[in-house]
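A quick write-up on the structure given underneath.
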Amino acid sequence: DIVANIPEGVKTILDAGCGNGLITERIPAEYEVTGLDWSYQAIKNLGCKKVVASLSALPFEDNSYDLVMVNDVIEHIYENEYETVINELIR
């Protein structure tokens with residue numbers, strides 16, 4: 001269902017908070033996907049580009065991706081970091 005909702009024209013995707021890549025690994029190869037998680041152990045086996053970082057300090061320039069996915073992640077963000085994380089994801 002997630003892949004079916006990727007808008008036309010999207011070429012680059014950041015899967016922020018991807019965990020072990022359950023969704024990340026199912027995104028078709030036509031997209032350039034980066035999996036990001038705070039835990040290297042979680043992403044070490046991903047077959048795509050992987051980045052270890054916090055959602056509150058993404059190591060990318062503004063508008064680096066066409067689409068940013070955050071599946072089953074937002075509910076795990078601490079209240080005091082929520083605004084920072086949302087602003088990082090938007091930029």
Side-chain angles (χ1 to χ4, degrees):
D1 289 340
I2 291 169
V3 172
N5 286 300
I6 297 174
E8 287 187 37
V10 168
K11 292 183 175 48
T12 59
I13 299 173
L14 174 65
D15 191 356
C18 68
N20 67 2
L22 181 66
I23 294 170
T24 316
E25 294 288 293
R26 288 180 169 82
I27 298 172
E30 67 191 77
Y31 301 102
E32 181 184 323
V33 180
T34 300
L36 179 140
D37 204 273
W38 66 271
S39 167
Y40 175 75
Q41 284 302 112
I43 65 172
K44 70 180 180 181
N45 295 317
L46 284 180
C48 63
K49 179 180 175 186
K50 47 192 161 256
V51 175
V52 176
S54 168
L55 293 178
S56 61
L58 296 176
F60 310 111
E61 293 187 26
D62 293 358
N63 301 307
S64 293
Y65 292 91
D66 297 328
L67 177 71
V68 176
M69 300 190 321
V70 280
N71 303 296
D72 298 320
V73 173
I74 300 296
E75 65 270 22
H76 300 288
I77 297 169
Y78 293 116
E79 188 174 331
N80 63 331
E81 291 187 325
Y82 188 82
E83 186 174 350
T84 301
V85 169
I86 296 301
N87 287 330
E88 278 292 279
L89 295 169
I90 291 171
R91 73 169 183 84

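Sequence positions, counted from 1, serve as the residue numbers for this chain.
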**Report entry** Student check: side-chain heavy atoms of Asn71 and Asp15 closer than 4.5 Å
**Finding:**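 Yes, their side chains come closer than 4.5 Å.
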Requested in this report: Run through the side-chain heavy atoms of Ile, Leu, Val, Met, Phe, Trp and Tyr, join any pair under 4.5 Å, and report what else lands in Val70's cluster.
Outcome: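 Once heavy-atom contacts under 4.5 Å are chained together, Val70 belongs with Leu14, Leu36, Val51, Leu55, Leu58, Phe60, Tyr65, Val68, Val73, Ile74, Ile77, Tyr82, Val85, Ile86, Leu89, Ile90.
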Requested in this report: Under 4.5 Å between side-chain heavy atoms, chaining through other members, with only Ile, Leu, Val, Met, Phe, Trp and Tyr counted: pull out the rest of the cluster around Leu67, sorted by chain and number.
Outcome: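 Members besides Leu67, by chain and number: Ile2, Val3, Ile6, Val10, Ile13, Ile23, Ile27, Tyr31, Val33, Met69.
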Where is the tightest heavy-atom contact between [X] and [Y], given as atom of each residue plus distance?
X	Y	result
Cys48	Gly35	SG-N, 3.8 Å
Ser56	Ser54	OG-OG, 2.8 Å
Ile43	Cys18	CG2-SG, 3.6 Å

Hey, what do you get for [atom1] ([X]) to [atom2] ([Y]), rounding to the nearest 0.5 Å?
X	Y	atom1	atom2	value
Asn20	Lys44	CG	NZ	11.5 Å
Leu46	Tyr40	CG	OH	9.5 Å
Ser64	Arg91	OG	CZ	7.0 Å

Does [X], at its [atom1] atom, have more than 12 non-hydrogen atoms belonging to other residues, nucleotides or ligands within less than 6.0 Å?
X	atom1	value
Glu81	CD	yes
Glu25	CD	yes
Glu61	CD	no

Requested in this report: Could I get the full list of side chain to side chain contact (heavy atoms under 4.5 Å, CB included) partners for Glu79, not counting sequence neighbours?
Outcome: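 With neighbours one apart ignored, the set is empty.
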